[in-house]
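Excluded from the calculations below are hydrogen atoms, water molecules and symmetry mates; all remaining heavy atoms, backbone and side chain alike, are included. These numbers come from a predicted model, not from an experiment.
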Amino acid sequence: MIETPLYLDGARPAPSFELLWSPGNPAIQVASALDRVRRAPTILEAMRTLPQVTPVVDATVAEGVGSHAILEPILEAIGDESDTLTALAAVHALARVPGPGATLVMADLLAKSDPGIEEHALWALTGRPATELLAWPVARAIGHGGLAGMHAQETLARWAAAKPRLVLAALGAVLSETETPSARRHITETLGLVPGLVATQTLERIALDLTEDESVRRTAIMALGDRSAGRLPAGFDKLEGTLGAAVRDARAHRQLLRRGPRHGSRDGLRVAQVHLGETGGLATLLPQLGDALAGQQRIAEPLSIVRAGEQPSPAPGHRLETIEMEPGEGHSFTAGWPATVAAARGIRGAFLAGDLPDVVHLRMADPGTYAAARVALSMSVPMVLTLAPDPHGPIASAEAAGTLDRRTFATLDASQALWFRANLVERLAHDARELVLFPREGGVDRVEGLTGLDLRSGPPRHTVIAEGIDVGRTDRAAEAVRPVEELPAVLADLQTAIARLPQERHGLPLVVSAGRLVELKGMARLVEAFARDTALAARANLVIIGGDLEHPSAPEAAELARI
């Protein structure tokens, strides 16, 4: 019998109590699994029940239960706007239900693009067989960028292994209707994940198309560099400028892939560390840390992999590899996820360019870490993870403060990738050989409570290390400003700003916060807290340093508006 979708127009009547909970209902186990998500006392505990839901669906399907019976409690959960957390869990359950009925519902969810639903539908589809009905909307989602675009890429890459022609047809159709260079770039990058001669020829045509945007042509060339078989067309030799540089890089990458990993013979550890963000503390810290490691007797070679740009010359013995990435990609949780394909290519090339690292140190649940972990696992390089319960801590704090609940979770998840990042942290912790923890209130118990990880069973594999602060840098900064006759520009600007304040505020102590002017850093929240605490505001002046105030970027402008 051909199955049809249930209540595609969104008017899903709630199933009766008798239907769901009758002993004769064969899908009662699915309803019970979703009810465990509903009844979980906290958001974090509800998120951790998802791995218990999908196996129940699989087992129910294996027992021969019809799809209609299984879909009933799943659709009820998806339609419950008061509990979007359970709705997202139900989307993952839906992807495990076979048949055209479930396929039509999945296509309907992708078309509606409700906050959070699309990302989770695309994420869940990686485990579902490819169909023509789903291939086109998944391909279109790639052009949207963000986390949804990355999930769409990964789904199509998995489907392409079994049905490359279907995936190629979907990507080709979407490319023909897409004009935005960034979207065309993401689609072209995905073409590089499809095996076979037809995909190779398509990439070659894009690379040589004079009417195509240069960034898209460059992406096609680099995608060809990931295909070790065959030769690049002769016409590539005529390309100049950045395209010519891309051809040279693609050929060099092919040679590295053909040669394979090289294992060093020197004593000592070869340590790799990765950060592909444009700015921030880690972008400054990693090159300095690599220089410091180069002076350690037990370290044979530190390798720092960073985004291309202005970098200080590394110390002797410190290998610094840079990865070219398109502007705007790889530096934030929203824009950077589709850049993981290019990031993984660059990290793999850096690993192959010298001796294969003995260990890679990862930190932060961001696109660069995600790409590095995938490369490390594929090349059997052990990982050490600096484990910070983020976003677990902020989720727990927001729920406790009443600013995040089950009704609003999907909206915030859509903008901050809360569930995926939490899942990424937990997977990285599971796969890592060793873990590093920072001292924090509650210690290991607090980290275990937030993440659900068991850090103490089995052989010890975690170490608590305080984050180092180079006090020498602050001392040198103080010395630099003390002897000068004229104030440095930054201090002169500060004096001018204080002079504009009312007289009674002159001479008050300064509370200084320096950092990127983006929502993640919480500058607006700091201003709000300062403004609400009249006792604190009476005792000190708040100074925020960061961002381009005259020509702010979009994230900076948004944070300035909040301030």
Go through the steps for T178 and R140 under the test side-chain contact (heavy atoms from CB on, under 4.5 Å), then give the verdict. CA-CA 9 Å; T178 303; R140 287 190 183 94; over 6 Å; no

Take S32 and D35, measure what side-chain hydrogen bond (donor to acceptor under 3.5 Å, both in side chains) needs, and give me the verdict at the end. CA-CA 5 Å; S32 298; D35 198 51; over 6 Å; no

Would L94 and L109 satisfy side-chain contact (heavy atoms from CB on, under 4.5 Å), going step by step from the backbone distance to the final call? CA-CA 11 Å; L94 172 65; L109 293 179; 3.6 Å; yes

Please determine whether side-chain contact (heavy atoms from CB on, under 4.5 Å) holds for the pair L134 and M106, giving the CA-CA distance in whole Å, both sets of side-chain angles, and the decisive distance to 0.1 Å. CA-CA 8 Å; L134 292 174; M106 292 296 294; 4.0 Å; yes

Which is it for R440 and V447 under the side-chain contact (heavy atoms from CB on, under 4.5 Å) test, yes or no, and what are the steps along the way? CA-CA 9 Å; R440 65 176 57 244; V447 175; 3.7 Å; yes

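The main-chain N or O of V341 is never found under 3.5 Å from a side-chain atom of E189 such that the two would form a donor-acceptor pair. At distances below 3.5 Å, at least one donor-acceptor pair connects side-chain atoms of D413 with backbone N or O atoms of W419. In this structure a side-chain-to-backbone donor-acceptor pair under 3.5 Å is missing from T84 to E81. No donor-acceptor distance shorter than 3.5 angstrom exists from the side chain of T369 to the backbone of D366, with no hydrogens or angles considered. Remark: side-chain polar atoms of R461 are paired, donor with acceptor, to backbone N or O of A432 under 3.5 angstrom. R406 contributes no side-chain N or O that, together with a main-chain N or O of T86, makes up a donor-acceptor pair within less than 3.5 Å. Using a distance-only test at 3.5 Å, with no hydrogens or angles considered, no donor-acceptor pair links the side chain of E154 to the main chain of T126. Side chain of T403 to backbone of A398: a donor-acceptor contact under 3.5 angstrom is found. Side chain of E321 to main chain of L303: no donor-acceptor pair is present (N/O by atom type, distance under 3.5 Å, no hydrogens or angles). With hydrogens and angles disregarded, a donor-acceptor distance shorter than 3.5 Å links the side chain of W159 to the backbone of R128.
With contacts defined as side-chain heavy-atom distances shorter than 4.5 Å, the pair R456/H462 qualifies. Residues T54 and P51 form no side-chain contact, since every pair of their non-hydrogen atoms from C-beta on lies 4.5 Å or further apart. Under the 4.5 Å side-chain criterion, counting only non-hydrogen atoms from C-beta, I74 is in contact with L34. Using a 4.5 Å heavy-atom threshold, the side chains of V56 and R36 count as touching. Contact of the V105 side chain with the V97 side chain is not registered, since no non-hydrogen atoms from C-beta on lie closer than 4.5 Å. Counting heavy atoms from C-beta outward, L437 and L455 have side chains that approach closer than 4.5 Å. Side-chain contact between E119 and F420 is absent, with no heavy atoms from C-beta onward closer than 4.5 Å. The shortest side-chain heavy-atom distance between I395 and H392 does not fall under the 4.5 Å cut-off.
Annotation: E399, atom CD; neighbour count of heavy atoms from other residues, nucleotides and ligands within 6.0 Å is above 12. For CZ of R158, the number of neighbouring non-hydrogen atoms (other residues, nucleotides, ligands) closer than 6.0 Å is 12 at most. For R562, the CZ atom counts as densely surrounded, since its 6.0 Å shell holds more than 12 non-hydrogen atoms of other residues, nucleotides or ligands. The number of heavy-atom neighbours closer than 6.0 Å to CZ of R446, taken from other residues, nucleotides and ligands shown, is 12 or below.
Considering CD1 of I142 and OG1 of T190, their distance stands at 3.5 Å, rounded to 0.5 Å. For the atom pair E324 CD and R307 CZ, the distance stands at 9.0 Å (nearest 0.5 Å). For the atom pair L453 CG and E426 CD, the distance stands at 5.5 Å (nearest 0.5 Å). Here the CG atom belonging to L536 is positioned 8.5 Å from the CG atom belonging to L542, to the nearest 0.5 angstrom. In this structure, NE2 on H430 lies 12.5 Å from OG1 on T451, to the nearest 0.5 angstrom. Residue L88 holds its CG atom at 9.0 Å from CG of D83, rounded to the nearest 0.5 Å.
Between D390 and A365, the closest heavy-atom pair is O-CB, 4.5 Å. Taking every heavy atom of both residues into account, A46 and V37 meet most closely at CB-O, 3.7 Å. Considering every non-hydrogen atom in both V518 and P555, the closest pair reads CG1-CB, 4.0 Å. Of all non-hydrogen atoms in I323 and G346, the two that sit nearest each other are CD1-C, 3.5 Å. Nearest heavy-atom pair across V464 and P439 is CG1-N, 3.8 Å. Nearest heavy-atom pair, V138 versus A152, reported as atom, atom and distance to 0.1 Å: O-CB, 3.3 Å.
Ring geometry, H151 versus W123: the interplanar angle falls under 30°, so the pair is classed parallel (tilted spans 30 to 60°).
Taking the charged nitrogens against the carboxylate oxygens, E528 and R525 have no contact shorter than 4.0 Å, which rules out a salt bridge. A salt bridge does not link K521 with E559: every distance from a Lys NZ or Arg NE/NH1/NH2 to an Asp or Glu carboxylate oxygen is 4.0 Å or more. Remark: D431 does not engage R427 in a salt bridge, criterion side-chain N to carboxylate O under 4.0 Å.
Q52 and T49 are not linked by any side-chain donor-acceptor pair at a separation below 3.5 angstrom, with hydrogens and angles left out of the test. There is no side-chain donor-acceptor pair under 3.5 Å between R184 and T219.
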